[in-house]
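Just so we're clear, the structure is a prediction, and the values are computed from it rather than from any experiment. So you know, we letter chains A, B, ... as the sequences are listed, proteins then strands, and number each from 1.
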Amino acid sequence: MTHPSTARHHWLMKSEPGECSIDDALQAPGATVAWTGVRNYQARNFMRDAMQVGDGVLFYHSSCPEPGIAGIARVASDTRPDPTQFDPSSPYFDPKSPADKPRWLLRDVQALKKTRLIGLPEMRATPELTDMVVLQRGSRLSITPVSEAHWRFITEKMAGR
DNA sequence: GCCAACGTTGGC
DNA sequence: GCCAACGTTGGC
């Protein structure tokens, strides 16, 4: 029996392509970017408590003309404080975050490959994906868990070609 | 730009 | 602890 803490998880992580697209991530040193700007406790807790280095990530483009899954990535580091919370010039500045007890965390994410754009309308039209957390009514979380079945269906049946 | 849905804040 | 007001997200 596999211990739960060692079970591999999968995630969908939203990024605005105007800020960091899958192409930007692939061109970064080591194809790795710091996932800055998470300012929601539930999303932070996913990163802190459930993510593990090596977990698979669906790299999702949001707030753009064609929202959808744009690539595959992996969790590449443990959590560390998100430096943008202490930067007054950053849009992610949080004046209430204590310097000695940072409120917001990030992980490094390594882009592995760009896929064809699996658009949100296509995702919604795919019966196998109707239970995905990101597709539920009112879902706004920038980081959501992805089941093994959804991960396999997307990466094996949809991302190719 | 609109607005539904959800999260956070702060007075009480 | 309640909850109204306000802010944010993100698709459209």
Side-chain angles (χ1 to χ4, degrees), chain A residues 9-28 33-51 55-77 79-147 149-151 153-155 157-159:
Chain A
H9 296 98
H10 309 283
W11 307 93
L12 182 143
M13 298 176 76
K14 296 179 185 175
S15 181
E16 300 187 15
E19 200 167 326
C20 181
S21 69
I22 184 69
D23 291 316
D24 295 333
L26 283 166
Q27 285 163 23
V33 292
W35 208 266
T36 56
V38 172
R39 296 292 180 271
N40 171 282
Y41 289 104
Q42 204 177 340
R44 180 204 68 182
N45 293 347
F46 279 142
M47 285 200 289
R48 185 189 63 192
D49 303 331
M51 268 188 187
D55 281 357
V57 173
L58 301 173
F59 196 112
Y60 182 94
H61 285 174
S62 69
S63 295
C64 59
E66 282 195 292
I69 296 165
I72 306 296
R74 65 185 282 275
V75 176
S77 79
T79 51
R80 55 193 165 83
D82 180 343
T84 63
Q85 71 196 300
F86 302 123
D87 177 2
S89 69
S90 167
Y92 301 123
F93 178 58
D94 181 356
K96 293 181 187 165
S97 181
D100 58 339
K101 206 182 169 202
R103 183 180 290 186
W104 304 114
L105 305 170
L106 59 72
R107 285 185 185 249
D108 290 332
V109 173
Q110 180 179 35
L112 298 177
K113 68 169 183 177
K114 185 176 183 173
T115 62
R116 75 178 179 87
L117 196 283
I118 302 171
L120 184 57
E122 179 182 357
M123 293 171 69
R124 292 201 186 281
T126 303
E128 289 85 350
L129 302 185
T130 50
D131 292 336
M132 282 190 80
V133 177
V134 74
L135 298 183
Q136 301 315 299
R137 179 180 178 80
S139 172
R140 294 188 315 177
L141 276 183
S142 64
I143 299 176
T144 50
V146 174
S147 73
H150 291 146
W151 172 264
F153 190 82
I154 291 166
T155 58
K157 303 266 168 52
M158 297 181 81

Selected nucleotide, minimal atom distance to [X] side chain, candidates [options]:
X	options	result
A:Tyr41	C:dG10, B:dT8, C:dC12	B:dT8
A:Tyr60	C:dG11, C:dG10, C:dT8	C:dG11
A:Arg140	C:dT8, B:dT9, C:dG11	C:dT8
A:Arg124	B:dT9, C:dC12, B:dG7	C:dC12
A:Lys96	B:dG7, C:dG11, B:dG10	B:dG10
A:Ser63	C:dC12, B:dC6, C:dG10	C:dG10

Considering heavy-atom distances to DNA chain B, does A:Ser139 or A:Arg103 have its closest nucleotide positioned more toward the 5' end?
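On the 5' side of the pair lies A:Ser139.
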
Apply the ring-ring contact (aromatic ring centres under 6.0 Å, His included) test between A:Trp104 and each candidate in A:Phe93, A:Tyr92, A:Tyr41; give the one that qualifies.
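Of A:Phe93, A:Tyr92, A:Tyr41, ring-ring contact (aromatic ring centres under 6.0 Å, His included) with A:Trp104 is met by A:Tyr41 alone.
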
Using whole Å, report how far [atom1] of [X] lies from [atom2] of [N].
X	N	atom1	atom2	answer
A:Leu117	C:dG11	CG	P	12 Å
A:Gln42	C:dT9	CD	P	15 Å
A:Ile143	B:dG7	CD1	C1'	16 Å
A:His61	C:dG11	NE2	C1'	16 Å
A:Glu66	C:dG10	CD	C1'	16 Å
A:Leu141	C:dT8	CG	P	17 Å
A:Asn40	C:dT9	CG	P	9 Å
A:Leu135	C:dC12	CG	C1'	16 Å

Between A:Asp94 and A:Arg39, does any NZ, NE, NH1 or NH2 come within less than 4.0 Å of an OD or OE carboxylate oxygen?
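So A:Arg39 does not pair with A:Asp94 through a salt bridge.
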
Has A:Gln136 got more than 12 heavy atoms of other residues, nucleotides or ligands less than 6.0 Å from its CD?
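Atom CD in A:Gln136 is packed in, count exceeds 12.
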
Pairs meeting criterion side chain to side chain donor-acceptor pair (under 3.5 Å) with involvement of residues 121-130 of chain A, two or more places apart:
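Checked against side chain to side chain donor-acceptor pair (under 3.5 Å) - neighbours excluded - the pairs reaching residues 121-130 of chain A are A:Arg116-A:Glu122.
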
Does the side chain of A:Thr84 come under 3.5 Å of the side chain of A:Asp82 through a donor N or O and an acceptor N or O?
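Yes, a side-chain donor-acceptor pair sits under 3.5 Å.
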
Kindly say if A:Lys14 contacts the phosphate of C:dT9, meaning a side-chain N or O under 4.0 Å from OP1 or OP2.
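A:Lys14 to C:dT9 OP1/OP2: no side-chain N or O under 4.0 Å.
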
